[in-house]
Amino acid sequence: MSMSTSITRSTCPYCGVGCGVLIESQGQQITGVRGDPDHPANFGKLCTKGTTLHLTAAPEIARQTRLLQPMQRLARGAAPTPVGWDAALDLAAERFARTITEHGPDAVGFYISGQLLTEDYYVFNKLAKGLIGTNNVDTNSRLCMSSAVAGYKLTLGADAPPACYDDVNHADCLFIVGSNAAFAHPVLFRRIEEAKKNHPGMRVIVADPRRTDTADLADLYLPLQPGSDVMLFHGLLHIMLWEGWVDPAYIAAHTTGFDALRALVRECTPEHVAQVCGLNKEDLFTAAKWFATSPATLSLYCQGLNQSSSGTAKNATLINLHLATGQIGKPGAGPFSLTGQPNAMGGREVGGLANLLSAHRDLANPEHRAEVAALWGVPDVPSKPGKTAVEMFQAAADGEIKALWIACTNPAQSMPDQATVRQALKRAEFVVVQEAYATATTCDWADLLLPATTWGEKEGTVTNSERRISRVRAAVPAPGEARHDWRIAVDFAQRLEATLGANGVGAIGVRPEFRTTTPEATKNLERNSALTPMAEQPEKTLFPYQTPEQIWLEHRESTRGRDLDITGLSYEKLENEGPQQWPLREGEATGQTRLYENGHFPTPDGKARFAALPWQPLAEPRESRYPFSLTTGRLRDQWHGMTRTGTLGRLFGHVPEPVVQLHPQDIQRRGLKDGDLVHVTSKRGSILVPLQASSDIGLSQAFIAMHWGPEYLSGRSGAGEPLAGVNALTTSAYCPTSKQPELKHAAVKILKA
Ligand code: SF4
């Protein structure tokens, strides 16, 4: 008798488009996946990654790739051996407590992930900031969206993307910059292609150093030099001012700071900008005209702007153009950052970064710290900013951070400057890796491996690029002994709470007299009906959660009165009415489709702020010894470090192996030929890779896809360590405001092997 098929509604775990999926399962096995026709992000469509999700969950693949029980490594380099959950968590609590007792709370760090669910993220953030008393909690979203966050806050006053996917259907001009949406956000790109077909008058401008598949759709392609984006945006504004294409009424009514910006861009003449950006003046003029004079212009942008030592300036100066022309707050118009990861947005919402607090509150603001402390029932959250991703691994390499907890991310492959990351993982006294896949490179460095559930097995919520919250649901039970990420964090936190309390350590959340004793904190927590009132709890804890919904309800309460207020939302509403956009306040029936339609911004005076930020050159410009600009980017069918997509042969059909692409003229000039094995070398490391001619690349530029890890590339990092993939080459130089590293550019030399 054949087993009946169950259908579970959930969300794709890959990119920030956040497509809805229907998971088919039989018994304990996922057997199929389809696009959810009712999900407003994709209306049933999926890309190649989404349609093959069920294959990555096949038992034969799971047996080879999944971490299925806790493992302890008794000595570095030794094979890990199984250990029970209680012993593993006791050990973790004891080692973290000892480090905190001996060296203080800032001697530990948590490096988490934009692929965690909002509920997972919330617990880790509270654990670090509320219990331990350190802001050393950062995430791989620092490598992804932190420049977009900083750009929005600097200009519009809040980290809130104002547009939505439907704006693609209302736009008359699309300005796609620093984004290969065709590969990175394929289902959204299909929507763009359809919109252009239905609206032949729509003009598409694509600015990117590489002629990507996205650029093939462009009516105007701007092959700008790497790192010259700010100069391009200033140059476009210069032309708009000269031609009278700005909107003085909008500028006067809704913005401040335009005079300083106007003075700054005066020098950015078309001649100068054309020379710095490597573009021609006519194209600059056309781009400025289309952007400013189209009835509605929508900008779509991604890592080309974010992963930069000028990331904040790139984001903010693009937003300048929208404010100067009034191209914001109306259908089809506005700046729209495309989030790389599935839940980079949710992580930001709970404040899961070293410089943020819950519900878009700022660590630097004493009132915000007091509000979060009251919510959590602790006397304070520490004011000292935590270490951001690059700083955290540097601090571990320097011996300052002694215990690291890494969850759902693979820094031993994905962080820039792998020589330093390897040094950090080696020097740290205790490394916990909480992970679904035993094949993640970082597992090799763990003292303790904790098996986590993954897509198809876990419950919670995620937020996509357009502020839309969707449910993630389990179709099958956890395999082996794997536990949910939030559960692992709670189990550890409760043990740490007890251990630190018993040690009498002054970590801020653990002293009994500080446990949810403020009236406001108690009231806030009790407002969540699904939570047991604190007074009735047999044993008080900061982590009283039994379900992800209980965590989410506490998060919901933290958003009350904030720009992302979701007090009108519930798991039940998501169940009955499907995914919803924020804000969705108590008493409101639906969320807000687009923001700032009334011209009012979440700044002290209600006005948006122009950012008069000058163009800065690349952190590591080309020079005679390193004459090529290396840029990295996504392939269509692979995801991140390939722990999941790399298990399927069919996803190698599009690009079967790593290559470095160079312009044919560069290949000829250097006496090389297509297919040669070459050493690609930066100041930090070297890799060996076949050469591929491509006229999509500009002269003196090179491209390697970001996904290839040590199993696909051979070479060395600067410290002589085994290779870590393409990030052996990249630089950890970062934007001074967002602290996002410049993964998009490194100077390299390329020599025949
Ligand atoms: Fe998944 Fe993104 Fe593809 Fe949608 S576009 S199916 S979210 S990878």
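Numbering of ligands and ligand atoms starts at 1, following listing order.
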>> Distance under 4.0 Å to a non-hydrogen atom of C12: what atoms of ligand 1 satisfy this?
In response: 1 (Fe), 6 (S), 7 (S), 8 (S)
>> I'd like the name of whichever of P186, C19, A184, A41 reaches closest to atom 4 (Fe) of ligand 1 through any heavy atom.
In response: C19
> When the ring centroid of Y712 is compared with that of H707, is the distance short of 6.0 Å?
Replying inline: no
> When the ring planes of F175 and F291 are compared, do they come out parallel, tilted or perpendicular, using 30° and 60° as the limits?
Replying inline: perpendicular
> Heavy atom of N42 under 4.0 Å from ligand 1?
Replying inline: no
>> Assess, by modelled atom type and distance only, whether the side chains of D208 and N180 contain a donor and an acceptor separated by less than 3.5 Å.
In response: no
> For ligand 1, which part of C47 has a heavy atom less than 4.0 Å away: the side chain, the backbone, both, or neither?
Replying inline: both
> Between H654 and F183, is the gap from one ring center to the other below 6.0 Å?
Replying inline: yes
> Mind checking whether W582 and H360 have ring centres under 6.0 Å apart?
Replying inline: yes
> Looking at G18, which atoms of ligand 1 are within less than 4.0 Å of one of its heavy atoms?
Replying inline: 7 (S)
>> As an exercise, identify every atom of ligand 1 less than 4.0 angstrom from a heavy atom of V187.
In response: 4 (Fe), 5 (S)
> Does C15 put an N, O or S atom under 2.8 Å from atom 1 (Fe) of ligand 1?
Replying inline: no
>> I'd like to check which ligand 1 atoms, numbered from 1 as shown, lie under 4.0 Å from a non-hydrogen atom of K49.
In response: 8 (S)
> By number and element, which atoms of ligand 1 are closer than 4.0 Å to a non-hydrogen atom of Y14?
Replying inline: 8 (S)
>> When you measure from the centre of the six-membered ring of W639, is the NZ or CZ of R634 closer than 6.0 Å and no more than 45° off the axis?
In response: yes
>> Whether the S147 and N315 side chains hold a donor-acceptor pair (N or O, under 3.5 Å, no angle test) is what I'd like checked.
In response: no
